[in-house]
2 protein chains.
Amino acid sequence: MGVSIKEIARLTGVSRGTVDRALNDRAGIDPAVKEKVLKVATEQGYRSNKAGRILGLRKKPLRIGVQMPSEGNDFFLGVRAGLERAVAARADFGVSMALRTMKGFDPTLQVRQVRDLLAEGIQALALVPISHPDILALLEELHERHLPVLTVNTDIVGGKRLGYVGTDYLSSGLAAGGVLRLLADGRPLRVLVLTGSFRMLGHNQRVEGFRRALESSAPGLSILGVEETEDDDGIAYGKLSAALDRTPAPEAVYVAAGGVAGACRAIEEHGVAGIGPGRVRIIGNDLTPAIRDYLERGVLTATIGQQPFEQGYQAIRLLFDHHVDGTLPPDRTLTHNEIVIAENLKGGTP
Amino acid sequence: MGVSIKEIARLTGVSRGTVDRALNDRAGIDPAVKEKVLKVATEQGYRSNKAGRILGLRKKPLRIGVQMPSEGNDFFLGVRAGLERAVAARADFGVSMALRTMKGFDPTLQVRQVRDLLAEGIQALALVPISHPDILALLEELHERHLPVLTVNTDIVGGKRLGYVGTDYLSSGLAAGGVLRLLADGRPLRVLVLTGSFRMLGHNQRVEGFRRALESSAPGLSILGVEETEDDDGIAYGKLSAALDRTPAPEAVYVAAGGVAGACRAIEEHGVAGIGPGRVRIIGNDLTPAIRDYLERGVLTATIGQQPFEQGYQAIRLLFDHHVDGTLPPDRTLTHNEIVIAENLKGGTP
DNA sequence: CTGAAAGCGCTTACAG
DNA sequence: CTGAAAGCGCTTACAG
């Protein structure tokens with residue numbers, strides 16, 4: 001392979017320690033010497049060796065903090081599985097994880113949990129950020145402390161972070177619209193959209209993507225209305241039940257956020273589950289155990305998965321690579337919007 | 001973390017070299033000493049450290065041979081990208097790759113190319129095996145030489161190999177059937193199936209999965225016939241064109257192997273592209289540039305992707321981990337059967 | 001059969 | 001500011 005630090009030291013006529021100082025921007029080195037070392041390194045096309053670096057770094061192993069508002073949200077089980085798998089695969093490289101979770105979306109609590117992690121001495125953070133000024137301020141502070149942060153699953157507008165790993169919400173809505181386009185097979189259908197909250201950027205982006213899909217390639221599909229579920233199954237159940245009793249009743253439903261199971265229950269209890277004339281087709285999001293069950297039983301028509309395992313796995317991988325190498329992660333690492341139906345539920349990666 | 005080899009040596013009262021001999025089944029060690037070392041190691045819960053091992057092994061880096069009948073088959077471009085990415089990510093760990101490709105399915109040539117790789121000194125092999133006695137014999141020989149082999153994309157019945165990374169063909173056909181179930185939305189549809197060859201196990205499994213999907217959940221869909229394309233676009237074009245002129249004409253087509261682009265061309269030229277009444281819906285496999293184009297233009301309804309990038313990536317990962325650790329790969333590592341339509345073509349991992 | 005040494009490519013105290 | 005040394009956890013010749 002390439003040249004080693006030893007070789008650079010020999011060529012420059014300095015010690016390996018000095019080469020290390022020059023290459024890694026450490027303090028206490030004569031600028032002239034540094035320049036000379038850097039010049040030789042460039043000439044030789046020096047690239048630090050990851051294996052050597054990992055072993056050398058073992059005295060101060062990388063502890064990654066993770067904070068997510070995931071309690072009571074099965075989606076994050078998948079993210080967690082991915083985080084854990086990635087950490088396990090790198091345990092021998094000195095990687096470990098400290099996890100804090102909470103229920104709901106209280107920014108004060110999120111700040112507190114992140115501070116707890118900092119007190120524990122984490123050197124990098126993966127965060128599912130709440131959209132709130134306090135979180136923006138926190139990110140600003142972490143940036144100044146040079147603590148690398150990755151946002152996961154949800155990004156935060158204007159937040160300082162190294163990168164984002166998660167869903168492209170617009171594409172997610174597009175995919176849902178696409179499935180309904182196929183289902184309609186050229187016929188008109190009245191669609192009710194249930195979103196989580198109009199105040200959630202991601203939710204709105206999904207609805208927007210859905211609209212665009214219909215407009216551009218399925219003009220026969222008309223949106224009856226867009227209602228909020230507050231990510232709550234009970235509310236989703238209530239609103240959809242009411243809609244099914246009204247005239248004209250929806251012939252299809254797109255649940256753009258939480259409440260998929262509640263909506264499925266409403267459809268099932270109204271005796272209109274399934275596809276075909278007189279039935280109410282329903283497209284959801286994510287693949288929790290409850291959603292999986294509705295898919296298998298033929299109540300839920302399809303769901304758009306956002307690869308939670310992959311989100312967790314990549315977050316760890318990117319933070320570790322950055323730690324070792326200084327490799328900068330892409331600004332946005334987007335997971336694929338998987339179309340999942342009963343028939344491709346099994347098999348394949350999580 | 002855990003104990004090191006140094007600690008085991010100290011506790012057993014032998015040198016590190018001897019511990020290494022015991023732990024790694026090397027020759028030249030007193031059985032009694034070996035037993036003692038092993039006992040201590042077990043007591044201490046010793047697990048070798050991957051970082052140390054990788055650096056220690058740098059003197060004889062891992063060269064992985066890859067042979068695939070991929071020329072003229074765009075699908076394998078994705079596999080290759082995955083292979084290359086995984087090798088690049090491990091280049092600092094001493095991993096490199098030697099690749100041999102060929103056009104068509106000549107077992108004699110496959111054997112020769114593998115022998116070339118062996119002559120180059122490869123220490124592991126990823127192979128897209130042709131189903132042929134010569135290949136079985138080759139695998140037997142490699143097994144005796146203790147050369148780890150992974151079959152990729154296609155498995156070979158009765159072949160000795162460490163594991164398989166690739167598609168679950170039955171599930172792939174199931175997924176295709178599921179998409180057509182949605183498209184039919186409860187109505188009857190006449191479906192023509194175009195397969196590659198009745199002599200290809202994978203192709204037959206796909207057709208079987210497709211049949212099962214229809215039988216179990218879409219009884220209204222009837223299979224008009226199953227015809228062979230020999231994986232050739234010209235033949236697929238010819239056979240489908242003829243079928244579209246017959247009565248009753250198919251209302252949907254499932255192309256279970258090669259020939260997707262040819263079939264799309266037939267549909268387009270007959271002026272029946274698209275979905276809806278009077279149109280011929282078509283489900284294909286894989287996501288080559290040509291297929292992607294037909295999806296975008298609305299000729300191809302959907303395609304079932306088998307994650308070629310992932311197949312290549314995982315093959316390298318598993319062979320490397322086995323080399324370092326002795327970790328045995330799963331017998332079958334199955335990729336997900338992705339449902340790809342125009343609306344979820346973009347974004348996400350390759 | 002066994003041990004002591006050198007080395008993989010880096011980092012980190014410790015002297016000076 | 002700089003160098004020499006020790007160390008990360010392993011493997012591999014080389015003596016004996």
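By convention in this document, chain letters (A, B, ...) are assigned in the order of the sequence lines, proteins followed by strands, and residues within each chain are numbered from 1. In this text the structure is predicted, and so the values were computed from the model without any measurement.
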(message) At less than 3.5 Å, do the side-chain atoms of B:R21 and the base atoms of C:dG3 form a donor-acceptor pair?
(response)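 Indeed there is one.
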Would you say [N] has OP1 or OP2 under 4.0 Å from some side-chain N or O of [X]?
X	N	answer
B:R16	D:dG9	no
B:K6	D:dC8	yes
B:K60	D:dT11	no
A:R26	D:dC1	no
A:S15	D:dT2	no
B:N24	D:dT11	yes
B:T18	C:dG3	yes

(message) Taking any heavy-atom pair under 4.0 Å as a contact, classify B:F93: base, sugar-phosphate, or nothing.
(response)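 Since no nucleic acid heavy atom lies under 4.0 Å of B:F93, the category is nothing.
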When the distance from [atom1] of [X] to [atom2] of [N] is rounded to whole Å, what number comes out?
X	N	atom1	atom2	value
B:R10	C:dT2	CZ	P	20 Å
A:Y46	C:dG9	OH	C1'	7 Å
B:L55	D:dG7	CG	P	17 Å
B:E7	D:dG7	CD	P	15 Å
B:I5	C:dA6	CD1	P	19 Å
A:I8	C:dC10	CD1	C1'	13 Å
A:R53	C:dG9	CZ	C1'	11 Å
A:D30	D:dG3	CG	C1'	15 Å

(request) Using both distances under 3.5 Å as the test, list the Watson-Crick or G-U wobble partner of D:dA4, or none. (result)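 When the pairing criteria are applied, nothing turns out to pair with D:dA4, so the answer is none.
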(message) Please name the nucleotide paired to C:dA13 by Watson-Crick or G-U wobble geometry with both distances under 3.5 Å, or report none.
(response)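 With both distances under 3.5 Å required, C:dA13 matches none.
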(message) Would the distance check show the side chain of B:Y313 and the main-chain N or O of B:V87 forming a donor-acceptor pair, the cut-off being under 3.5 Å?
(response)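 Judged by distance alone, no pair lies under 3.5 Å.
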(request) Take atom NE2 of A:H143 as the centre, draw a 6.0 Å sphere, and report whether it contains more than 12 heavy atoms from other residues, nucleotides or ligands. (result)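 It does not: A:H143 NE2 has 12 such atoms or fewer within range.
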(message) If you count every heavy atom of other residues, nucleotides or ligands that lies below 6.0 Å from B:E35 atom CD, does the total exceed 12?
(response)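 It does not: B:E35 CD has 12 such atoms or fewer within range.
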(request) State, without any angle test, whether A:Q113 and A:T101 hold a side-chain donor-acceptor pair at a distance under 3.5 Å. (result)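 A:T101 and A:Q113 do not have a side-chain donor-acceptor pair below 3.5 Å.
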(request) Give a yes-or-no answer on whether the side chains of B:T335 and B:Q306 include a donor-acceptor pair shorter than 3.5 Å. (result)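 Result is no, nothing qualifies.
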Return the nearest nucleotide to the side chain of [X]; candidates are [options].
X	options	answer
B:D20	C:dC10, D:dT2, D:dT11	D:dT11
A:N49	D:dC10, C:dC10, C:dT2	C:dC10
A:L57	C:dT2, C:dT12, D:dC8	C:dT12

(message) Need to verify one output field. Residue with the more 5' nearest nucleotide on DNA chain C, B:G56 or B:G13?
(response)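 Whichever sits nearer the 5' end wins; that is B:G13.
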(message) Can you tell me how the ring of A:F320 sits relative to the ring of A:H323, calling it parallel under 30°, perpendicular over 60° and tilted otherwise?
(response)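 Tilted: the ring planes of A:F320 and A:H323 meet at 30° to 60°.
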